[in-house]
Amino acid sequence: MKILDGKKVSQKVRDSIKNEILEIKEKIGKVPGLVVIQVGDNVASKIYVNSKIKQCAEVGIKSTNYILPADVTEEELLSKIEELNKDETIHGILVQLPLPNHIDTPKVIEAIHISKDVDGFKPENLGKVVLGDESALISCTPAGILRLFQEYKIDLEGKDVVVIGRSNIVGKPMTALLINEGATVTICNSKTKEISEKTKTADVVIVAIGSANFLKGDMVKDGAIIIDVGINRNESNKICGDVDFESVKDKASYITPVPGGVGPMTIAMLLNNTLKTFKNGKNI
Ligand code: GUN
């Protein structure tokens, strides 16, 4: 069994982003700017947002974090986004999800200017991903997983891949990327019947269902490649993924750990998208 080391690969990605930003800064005296908006004080969101901010600093992206109160009105949030859309020093706007129930999430995503959609959540970007258009801003988690496959020279052509989870952020864009790589994809969700009948024959299983230790060793075949997108807390409050690492690791040929697998890759891809939107239209 080999570990797909997201910590190591994401460091390599960050080093390269950092060098590129330094070079551009020397040439034109400007750096990318990212705004991260958080609404309320969801504990998990706070942890993610803090990591994003910290890593922006590491690579030379100027980041600003707005923490709005949980009872902020939709109108106020939309007007903040409008203001940032017009700000030329801002190249990426990220609104951390989930948002409180009184706010219409698709409406908020729609308000972000297409040139600043570093999460890749807008319909146009998801559409471009489906079409295999290279100008797409790809949702960060699926982009990070694809990058891991590339770094470890895992060829997806002809592979049977099972994706568990059908979210707009992970499952749907992941499926499109896999199809474009020539994989045969089965998309499952929490209601899928006899899920292990599907996972047991898969060459690759990607689990993004948000259920601690969901995928067990007896649900996968020998030599399978396992990607764990989950970040959960178990009964003893310890961070664990959607994959029961202990029972799966001896059967897997490759597996991502939690933490240190998909998580750091997701943030590295956010930095990469921010560099991409910064460079767009600058002829660099
Ligand atoms: N919540 C969980 N993952 C993400 C993400 O990648 N982006 C945003 N904006 N919110 C999230």
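Keep in mind that the numbers below use all heavy atoms, side chains included, and drop hydrogens, waters and symmetry copies. Numbering of ligands and ligand atoms starts at 1, following listing order. This chain uses plain numbering: 1 for the first residue, then up along the sequence. Remember, predicted model here, so these are calculated numbers, not experimental data.
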Residue shell for ligand 1, any heavy atom closer than 4.0 Å, reads Lys52, Leu94, Val95, Gln96, Leu97, Asp119, Phe121
With a 3.5 Å cut-off and no angle check, do the side chains of Thr73 and Glu76 form a donor-acceptor pair?
-> yes
Please confirm whether the backbone N or O of Ser211 pairs with a side-chain atom of Asp242, one donor and one acceptor, at under 3.5 Å?
-> yes
Are Ser247 and Asp244 close enough, and set up right, to give a side-chain hydrogen bond (donor to acceptor under 3.5 Å, both in side chains), and what steps lead you there?
-> CA-CA 6 Å; Ser247 69; Asp244 180 28; 2.7 Å; yes
State which residue, out of Lys52, Lys46, Gln38, fulfils the side chain to side chain donor-acceptor pair (under 3.5 Å) condition with Gln96.
-> Lys52
Can we say Lys107 and Glu110 salt-bridge, meaning some charged N sits less than 4.0 Å from an Asp/Glu carboxylate O?
-> no
What pairs meet the salt bridge (charged side-chain N to carboxylate O under 4.0 Å, His left out) rule with one or both residues in residues 148-167, with sequence neighbours excluded?
-> Lys12-Glu151, Arg147-Glu151
